[in-house]
S.K.: 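Pasting in a structure now, in structure tokens, and then I'll have a few things to ask.
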Amino acid sequence: MNKAVLIDELVLANRILAHEGVLDAFGHVSVRDPDDANAFYLSCSRSPGLVATGDIMRFDLDGKILEGDGKPYLERVIHGAILKARPDVASVVHHHAPSVLPFALVETELRPVFHLGAVAGETVPVWDSQDAFGDTSLLVSDTPMATSLAAELGDRPAVLLKRHGAVCVGRDIAQAVFVSICMRDNAELLAKALALGEPSYLTPGEIAQAAAKHDGGAPVARAWEYWASRVRG
Ligand code: MN
């Protein structure tokens with residue numbers, strides 16, 4: 001994929017995630033530079049629904065600006081630290097989706113209750129900045145915090161940030177968007193189900209099979225086409 005096509009896809013991912021209510025005024029999505037594993041593309045500090053091609057900057061994995069002269073996102077270190085820790089990951093989404101946030105506020109685990117929820121993993125771990133860093137602004141604004149967060153993510157597709165938000169990852173932009181939106185749907189369904197009674201969760205075997213079925217390929221391409229059409233109208 002050439003750079004212009006990749007940047008277009010990253011801009012579209014910003015628009016999709018904003019349109020679907022995963023990103024709002026805040027949050028961001030990045031993609032690793034396919035020509036340099038130690039660099040990534042990310043918008044300048046702007047709300048994702050407004051991001052355009054000219055906003056995309058290039059950073060090294062420590063968050064240092066390589067290209068672009070905009071004001072960068074403070075939390076860009078999240079993307080660098082995760083891309084450093086996860087060679088299998090090429091795209092990172094950090095968001096504060098209102099439907100997901102309650103699971104970063106209480107002890108109730110965010111577990112799959114419908115088949116597409118499986119793509120966010122059997123359980124979503126919760127990283128609490130308070131554990132290692134005490135009182136902070138909660139923003140993941142330096143490399144020690146971002147590295148700690150990446151360690152909590154481990155080899156999983158998603159992690160919750162206590163009292164703050166979530167991070168979802170994928171091997172490419174479409175997969176990271178897919179995980180983000182399916183996790184949001186699962187959180188909405190689980191919260192509704194919990195209000196009615198004890199939900200029936202997917203079994204570990206169901207999670208493994210459902211996640212494998214939706215790990216890229218035709219289902220992700222079909223969803224991407226649908227979400228893109230909603231942005232473009
Ligand atoms: Mn944040």
Side-chain angles (χ1 to χ4, degrees), residues 10-11 13-32 40-51 55-57 59 61-65 68 70-86 89-106 110 120-121 124-154 156-170 173 176-177 179-184 186-188:
L10 182 60
V11 170
N14 274 271
R15 301 296 186 98
I16 287 173
L17 289 166
H19 190 266
E20 299 299 329
V22 173
L23 303 178
D24 45 34
F26 300 101
H28 18 85
V29 50
S30 64
V31 66
R32 194 192 297 271
F40 66 94
Y41 294 102
L42 178 73
S43 172
C44 67
S45 183
R46 196 170 190 204
S47 298
L50 306 176
V51 166
D55 295 319
I56 303 300
M57 301 173 70
F59 300 90
L61 299 188
D62 295 320
K64 187 170 150 277
I65 298 170
K71 177 186 179 319
Y73 292 122
L74 191 63
E75 293 191 297
R76 64 190 181 281
V77 289
I78 293 173
H79 301 263
I82 290 173
L83 293 170
K84 197 180 282 189
R86 291 282 298 273
V89 164
S91 183
V92 177
V93 177
H94 168 51
H95 68 82
H96 318 121
S99 49
V100 170
L101 252 297
F103 295 93
L105 308 180
V106 298
L110 182 49
V124 182
V126 182
W127 175 76
D128 190 340
S129 53
Q130 187 66 235
D131 292 344
F133 304 96
D135 289 344
T136 65
S137 69
L138 291 159
L139 297 178
V140 182
S141 54
D142 61 36
T143 297
M145 289 181 83
T147 303
S148 169
L149 171 62
E152 186 71 46
L153 172 69
R156 299 179 183 88
V159 62
L160 291 168
L161 285 62
K162 197 86 178 176
R163 300 177 300 285
H164 177 170
V167 169
C168 299
V169 303
I173 293 172
V177 168
V179 170
S180 301
I181 296 176
C182 291
M183 187 169 105
R184 176 211 63 181
N186 191 74
E188 281 180 10

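In each ligand, atom 1 is the first atom listed, and ligand 1 is the first ligand listed.
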S.K.: Whether the side chain of R32 engages the backbone of V92 through a donor-acceptor N/O pair (distance < 3.5 Å, no angle test) should be reported.
M.R.: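 Absent.
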
S.K.: Which protein N, O or S atoms sit under 2.8 Å from the Mn ion (ligand 1)?
M.R.: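 N, O, S partners closer than 2.8 Å: E75 OE1, H94 NE2, H96 NE2, H164 NE2.
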
S.K.: Please answer whether the main-chain N or O of A166 pairs with a side-chain N or O of H94 as donor and acceptor at a distance below 3.5 Å.
M.R.: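 Yes, because the side chain of H94 sits within donor-acceptor range (under 3.5 Å) of the backbone of A166.
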
S.K.: Is there a donor-acceptor pair under 3.5 Å between the side chain of Y41 and the backbone N or O of F59?
M.R.: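 A pair under 3.5 Å: no.
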
S.K.: Hey, does the side chain of R184 reach the backbone of E20 with a donor-acceptor pair shorter than 3.5 angstrom?
M.R.: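 Yes: the side chain of R184 pairs with the backbone of E20.
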
S.K.: Do the side chain of D128 and the main chain of Q130 share a donor and acceptor less than 3.5 angstrom apart?
M.R.: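 Yes; at least one donor-acceptor contact below 3.5 Å.
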
S.K.: Sequence neighbours left out, cut at 3.5 Å: what donor-acceptor pairs do the side chains of residues 141-154 make with other protein atoms?
M.R.:
from, atom 1, to, atom 2, distance (Å)
D142, OD1, M145, N, 3.0
T147, OG1, T143, O, 2.8
S148, OG, W127, NE1, 2.7

